[in-house]
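Quick note on labels: first sequence line is chain A, next is B, and so on, each numbered from 1.
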Amino acid sequence: MQSEWFWVGLVGAVALASVWRAPRRALWSGVLVASLVVSAGGARAWLKRRDADRPHAAWAAAKLPETGRPGFATSDRCASCHPGPHASWHRSFHRTMTQVASPATSPAAFDDVHLELDGRAFDLRRRGDALSVELDVPRTSRDGTRRVREERRFSLVTGSHHMQAFWLEDPSGNRQVSFPFTWLLSERRWVPRNDVFLMPPDAPRLSQVWNDNCIRCHAVGGLPDAGSSGHGVRTQVAELGIACEACHGPGETHVAANASPLRRYLQHARPGGDPTIVNPARLDHRRSSETCGACHGVTWLPDTEAWHRTGFSFVPGGEMERDRFLVRYPGIKHDTRFPAPLREGADELLATFWRDGDVRVSGREFNGLVESPCYQKGQMSCLSCHSMHDSEPDDQLSRKGTGDEACLQCHPKLARDLPAHTHHAAGSSGSRCYNCHMPHTTFGLLKAIRSHRVTSPSARSDLVSGRPNACNLCHLDRPLGWTAARLHDWFRQPLPSAAELGAHATTGAGPLYALSGDAAQRALVAWHLGWAPAQAASAPGWQPPLLAELLEDPYSVVRHIAGESLRAQPGFEDLTYDYLAQAAVRKSRRDEALRRWQTSPPSVPPDPAAVLLDARGGLDRARSDALRRRRDDRPVMLVE
Amino acid sequence: MKPSPSADLETLRRHQLSAGWWSLLVFLLLGIALEALHGLKVGAYLTPSNSTRRLLWTLAHAHGTLLALVQIAFASSLPALPRLNGDSAKLASRLLQTSAGLIPAGFFLGGIWTHGGDPGIGIVLVPVGALMLAVAITLIARAGGPAK
């Protein structure tokens, strides 16, 4: 800074000296005085701003994760040589996965907002760029522990697409603890964190520490324990958010090597890429996918202590299972890399996996991919359909990945006569590869999300795994038996017996899963009842009473989805419903929905009994109640 | 009959003036073309992945225009440069004209084929042109002193 002032002063002095010798001395004197006044004003403003930034800088240095680690270059330095990829990354939701909390990074309401949860009050405030909350914190003294009001500053914010989770500073070093509310971006409201995940109503409140969990994937080069600072936890990251080096590996060597223009131009002329940096697009499909899978997979760390001290040893391009193991069901039961208690208790994973081993929770797409024949026997990788630098931020699908070409690039014969394969009209939703082979059977972000396990619809698999098959996720009004008959006729699949089918022989998959399924099945079916292709494929008019029933579901997230899907039904667009309202209020909204349905013109589908209607289109309440009594109330917890 | 030194200088001055004005026209047209690319929101010029091209073509336009004006200024100031004799005046003029072509051409070609943040190989013309320009300006500057 001092040298900068020296040079500015020197150049200014030389310029003034030359001006002083010029004619019209008086005029130039005036210019000189004016310049000095302007400069002095500018310097004063700069100093004032610098002083104002000082408290924030001191707080950030003490309370935010330290940024910058040896070996990493950070995204700013990538931009000068890779402006295009940098710009596409900058638009992505990866970049904004972790940001410093401020009004610039969050549109959430902070001005004098009062929130309550379990009898505790939270008062949110904004002072300039500082966001804070006054809350109860336990304070221990000789008289015991009591709660006192204390103001804590919001430090980090996670997410920017659907919802934002917030983290609070903590007295222990730069530890970040979760704020118990999440901001829903589309609804512009604060909701308890438990109510954005599929969690049992009696589940304990989620309480997380960023430094122990989120740092694994929501920052680059996270090091939870960088050594004692004397003030508690000391966590370092190379960079907050999911930046260039999360996928390309540490880049300092690459940057240093390419400071030489000669080397750069030789690299431009040479095929095969630069060996000083990893490009997942040039890796084989397994290594390439592992780059994504390290974060987009259900993994288990065999040595958490070592990770705390040294961070991950895996870098993109390397072997993912070097320091973490991919959890696969039911394979874990016989995988001796896992300790015996985990193997023996593997069935607890059925809260996260369907019985056929497909993962139920979103954000873990790698688990689906590795179970796919296209990956196991073929060359399919994440980059077969996704592109990080040539795509829209939402889903980041490549141009060919948005349509059937994603599959037809490897299965070109099917393209010649797609309807012969799909038995649906060309161009219809039933003829879309994704809809049959990657149905929406994972859950997260308050919606159903496509499974990333490429499978073919199978009635038997549905019966065994409980994972609704693709056919019935569109034809919600049809029983599984109906689907089994078609799959038998078209693809020679074996027919399940009537005993195997049970209620599935005569009851539509939609009503059956919505009333008798577990929370994940109810959530998925509730979402599909509002999904436009399913609305078009299923007969109209029978969905509202089912969705009305789900407005009182014990799982708050199921209620949320049911409310959204109900508003997608004709005649219900203006129905107001708050999934977190008191039970009595929710019941009144359910009654209102049923009243609207009963007073609307009856619509009798081809098989009314399958959708729990009588011959005149009225609700068959006895069957409906019987199915509801069979509801699978085993706890389900899908926290992405 | 051999033309007199002053006639030579006058011819040189006219050529230089002509080259300067034509050059100004070319780079004015380039400026209009760049404005059109902005106006039509042409992705090959405006998207972030083409920021290197945008920078280089802007530099081509700016340098070309400025050097055209320098050529005009040189031609206009020749009568006031009595120490610039025939040979050195011709050399200065040629260097000036060549660099006024090389520098913008280097920027422009470097912007056609880019490698991320690196310009295409055409950029090597720029330092060559800059060297010529430096020599030309040195010659002209030295001639600006009092006549010996």
Side-chain angles (χ1 to χ4, degrees), chain A residues 18 73-96 243-245 247-248 251 254-282 387-393 396 398-399, chain B residues 34 37-38 40-63 73 77 80 102-132 134 137-138 140-142 144-146:
Chain A
S18 65
T74 75
S75 54
D76 280 348
R77 293 174 74 190
C78 304
S80 63
C81 286
H82 307 283
H86 183 274
S88 57
W89 163 76
H90 204 268
R91 290 170 59 215
S92 74
F93 297 113
H94 276 133
R95 177 183 69 83
T96 51
C244 314
E245 289 160 299
C247 303
H248 296 283
H254 174 69
V255 170
N258 287 292
S260 155
L262 185 63
R263 184 182 189 281
R264 288 204 308 276
Y265 278 90
L266 286 173
Q267 278 301 133
H268 296 325
R270 197 179 292 162
D274 186 339
T276 61
I277 197 76
V278 175
N279 183 349
R282 293 182 193 276
S387 169
M388 296 300 99
H389 296 300
D390 186 16
S391 59
E392 290 302 312
Q396 296 203 282
S398 63
R399 283 172 210 184
Chain B
L34 296 185
L37 295 176
H38 270 288
L40 299 170
K41 300 287 178 205
V42 175
Y45 182 66
L46 291 180
T47 56
S49 57
N50 290 309
S51 60
T52 308
R53 174 172 299 144
R54 193 164 64 250
L55 172 67
L56 288 163
W57 286 4
T58 307
L59 286 171
H61 167 60
H63 281 81
S77 58
L102 278 181
I103 292 174
F107 282 125
F108 192 78
L109 292 172
I112 295 178
W113 301 279
T114 58
H115 309 278
D118 280 334
I121 199 68
I123 199 72
V124 297
L125 299 179
V126 174
V128 175
L131 204 62
M132 291 181 175
I137 290 177
T138 305
I140 298 165
R142 285 181 60 200

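Neither the backbone nor the side chain of B:Leu55 comes within contact range of chain A, judged by heavy atoms closer than 4.5 Å.
Rounded to the nearest 0.5 angstrom, B:Ile121 CD1 and B:Ile112 CD1 are separated by 14.0 Å. Considering CG of B:Leu59 and CD1 of B:Ile123, their distance stands at 8.0 Å, rounded to 0.5 Å. The line from CG of B:Leu56 to CG of B:Leu109 is 10.5 Å long, rounded to the nearest 0.5 Å.
When all heavy atoms of A:Glu245 and A:Thr74 are compared, the closest pair comes out as OE1-N, 2.8 Å. When every heavy atom of A:Cys247 is checked against every heavy atom of A:Pro280, the shortest pair comes out as O-CG, 3.4 Å. A pairwise comparison of heavy atoms in A:Thr276 and A:Ala257 identifies CG2-CB, 4.2 Å as the closest pair.
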Do chain A and chain B have donor-acceptor pairs under 3.5 Å, and which are they?
unit_1, atom_1, unit_2, atom_2, d
A:Cys81, O, B:Gly117, N, 2.4
A:Arg264, NE, B:Asp118, OD1, 2.8
A:Arg264, NE, B:Asp118, OD2, 2.5
A:Arg264, NH2, B:Asp118, OD1, 3.0
A:Tyr265, OH, B:Pro119, O, 2.3
A:His268, NE2, B:Asp118, OD2, 2.9

